[in-house]
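Just below is one structure, and these are the notes that go with it.
All values derive from a computational prediction rather than experimental measurement. Counting starts at 1 for both ligands and their atoms, following the listed order.
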Amino acid sequence: MTEVKRRVFSGIQPSGSVQLGNYLGAIKGWVERQSEKENFFCIVDLHAITVQQDPEELRRETRSLAAMLFAAGLDPDQCTVFVQSHVTAHAEGCWLLNCVTPLGWLERMTQYKDKVQRQESVSTGLLDYPVLMAADILLYDAHEVPVGDDQRQHVELTRDIAQRFNHLYGETFVVPEAVIPEVGARVMGLDEPRVKMSKSSAHIRGHAVNLLDDPKEMVRSIRRAVTDSGNEIRFSEDPAKAGVNNLLGIYKAITDRTVEECEEDFASARGYGDLKSRVAEVVVEELQPIRERYYELMDDVGELERMLARGAEQAASVSEPKVEEIKRRMGLVIAGE
Ligand code: TYM
């Protein structure tokens with residue numbers, strides 16, 4: 001009997017530079033487990049435009065993110081990497097799911113409420129963002145959705161939408177589960193260790209380590225990380241120790257060592273300066289080869305386009321029939337049938 005691989009779907013927005021939180025919370029795990037399952041990784045440009053983007057910059061960022069994902073180790077022979085807008089099934093699936101999603105479910109989403117507070121004008125797309133995300137996942141019958149902690153609520157909503165649709169129209173969707181990494185699920189800002197490191201603040205000096213930063217800049221950002229006035233290097237839930245906890249968490253996620261081993265590594269350290277130097281070292285070591293491969297890939301845009309075209313074709317071969325199935329379930333007439 002042939003073994004049926006479990007399906008995995010995840011996505012990342014092409015807005016702003018990829019930062020260490022995206023890498024440790026998502027991309028690193030995608031790469032490490034790409035051979036175990038059937039994986040789909042999507043560059044979600046349709047999600048990016050829910051807030052206003054500069055068109056030239058968005059085009060550039062989309063290609064750049066693709067190069068970054070391949071440079072980080074996603075292998076087109078093992079997984080499918082594609083751009084969301086290249087596969088029209090996503091927008092179509094979103095509309096179909098919109099029609100079974102109660103408005104109140106969307107108004108309750110915390111990311112939406114946060115973003116609304118920070119913006120003068122709010123697009124309908126921003127409210128609808130989680131339904132598009134649900135379409136992404138459900139069109140592939142994904143069992144698992146590897147994401148950082150901040151996306152947990154969106155995956156919960158996806159489950160609710162799947163269950164509601166299955167209830168209304170009969171078993172159609174796999175009800176997916178969020179897979180949150182044990183470490184790296186919540187990398188915090190270096191300048192403000194009580195808020196998560198984010199792409200939208202990545203331009204603020206000292207907030208994030210961006211994957212394309214020059215190594216010297218990476219070292220500088222980590223050395224300037226906010227800590228506290230103590231000198232004990234231990235994992236801690238104490239909010240006052242959030243800076244040290246974050247640096248240790250980064251160290252742990254990169255080195256794959258246990259809590260005890262990490263603390264042991266710093267047992268003879270002379271203070272936070274030593275911790276920062278060592279964290280900077282492992283971060284640079286991890287990201288340097290990725291940067292190099294990234295620049296090689298960006299030099300051959302033709303090859304990059306071909307890789308993305310192949311990904312889009314593979315993605316469409318799964319999601320287009322699924323859209324038809326949804327339409328049929330909802331009573332739409334399929335052309336030619
Ligand atoms: P996005 O582009 O904001 O982030 C991509 C991934 O990085 C994770 N992440 C973090 N993890 C740990 N610490 C941080 N500081 C940190 N910042 C970001 C995110 O949790 C995410 O896993 N809505 C999604 C994109 C999306 C998607 C999907 C994801 C669209 N459709 C379908 C999964 C499945 C987003 O904006 O991710």
* If hydrogens are left out, which of M133, M197, Q19 has an atom nearest to atom 26 (C) of ligand 1, that is, the closest non-hydrogen atom? -> M133
* Asked: For the atom pair OG (S15) and CG (D45), what is the distance rounded to the nearest 0.5 Å?
  -> 10.5 Å
* For V145, atoms of ligand 1 separated by under 4.0 Å from a heavy atom -> 33 (C), 34 (C)
* Asked: Mind checking whether D150 has an N or O less than 3.5 Å away from an N or O of ligand 1?
  -> yes
* Asked: Heavy-atom contact under 4.0 Å between K199 and ligand 1?
  -> yes
* Under a single-linkage definition using a 4.5 Å side-chain heavy-atom cutoff for Ile, Leu, Val, Met, Phe, Trp and Tyr, are F235 and M188 assigned to the same hydrophobic cluster? -> no
* Look only at interatomic distance and state if F9 has a nitrogen or oxygen under 3.5 Å from any nitrogen or oxygen of ligand 1. => no
* Ion pair present between E264 and R257, side-chain N to carboxylate O less than 4.0 angstrom? -> no
* Closest protein heavy atom (residue, atom, distance) for atom 13 (N) of ligand 1 -> V187 N, 2.8 Å
* **Mode of Q13 contact toward ligand 1 - side chain, backbone, both, neither (heavy atoms, under 4.0 Å)** => both
* Could you see which bit of A185 sits under 4.0 Å from ligand 1, with heavy atoms only: side chain, backbone, both or neither? => backbone
* Structure fact -> protein heavy-atom neighbour closest to atom 36 (O) of ligand 1 works out as Y129 OH, 2.7 Å
* With a 4.0 Å cut-off, would you call R6 and E36 a salt bridge? -> no
* Are D136 and Q84 linked by a side-chain donor-acceptor pair shorter than 3.5 Å? -> yes
* May I ask whether S198 has any heavy atom positioned less than 4.0 angstrom from an atom of ligand 1? => no
* Decide whether an N or O pair under 3.5 Å exists between K196 and ligand 1. => no
* **N-O pairing of E324 and K327 below 4.0 Å** => no
* To do: Would you check, one step at a time, whether the test ring-ring contact (aromatic ring centres under 6.0 Å, His included) holds for Y112 with H154?
  => CA-CA 10 Å; Y112 171 71; H154 288 155; over 10 Å; no
* Report the nearest protein non-hydrogen atom to atom 31 (N) of ligand 1: residue, atom name, distance rounded to 0.1 Å. => D136 OD2, 2.6 Å
* With atoms numbered from 1 as shown, which atoms in ligand 1 lie under 4.0 angstrom from a non-hydrogen atom of A26? -> 6 (C), 7 (O), 22 (O)
* Structure fact -> For G25, the atoms of ligand 1 under 4.0 Å from one of its heavy atoms are 11 (N), 12 (C)
* Asked: Taking N or O atoms only and a 3.5 Å limit, does H154 qualify as a polar contact for ligand 1?
  -> no
* What protein heavy atom sits nearest atom 22 (O) of ligand 1, and how far off is it? -> G148 N, 3.1 Å
* Below 3.5 angstrom, do we get any N/O pair linking G21 and ligand 1? -> yes
* Asked: With the 4.5 Å side-chain cut-off for hydrophobic clustering, are F40 and V179 part of the same group?
  -> no
* Any chance you could lay out the side-chain hydrogen bond (donor to acceptor under 3.5 Å, both in side chains) test for Y129 and Q111, step after step, and finish with the verdict? => CA-CA 10 Å; Y129 179 114; Q111 280 208 351; 5.0 Å; no
* Asked: So which heavy atom in the protein is nearest atom 37 (O) of ligand 1, and how far is it from that ligand atom?
  -> Q151 NE2, 3.9 Å
* Structure fact -> Rounded to the nearest 0.5 angstrom, the CD-CD distance for Q53 and Q13 is 8.0 Å
* Would you mind finding which of N22, I137, T50, T158 brings a heavy atom closest to atom 8 (C) of ligand 1? => N22
* Look at atom 25 (C) of ligand 1 and say which protein heavy atom is nearest, naming residue and atom and giving the distance to 0.1 Å. => G11 O, 3.6 Å
* Structure fact -> Between the CG atom in L96 and the CZ atom in F165, the distance rounded to the nearest 0.5 Å is 7.5 Å
* Asked: So R310 and E313, salt bridge (charged side-chain N to carboxylate O under 4.0 Å, His left out) or not? Walk me through it.
  -> CA-CA 5 Å; R310 176 178 163 198; E313 204 179 307; over 6 Å; no
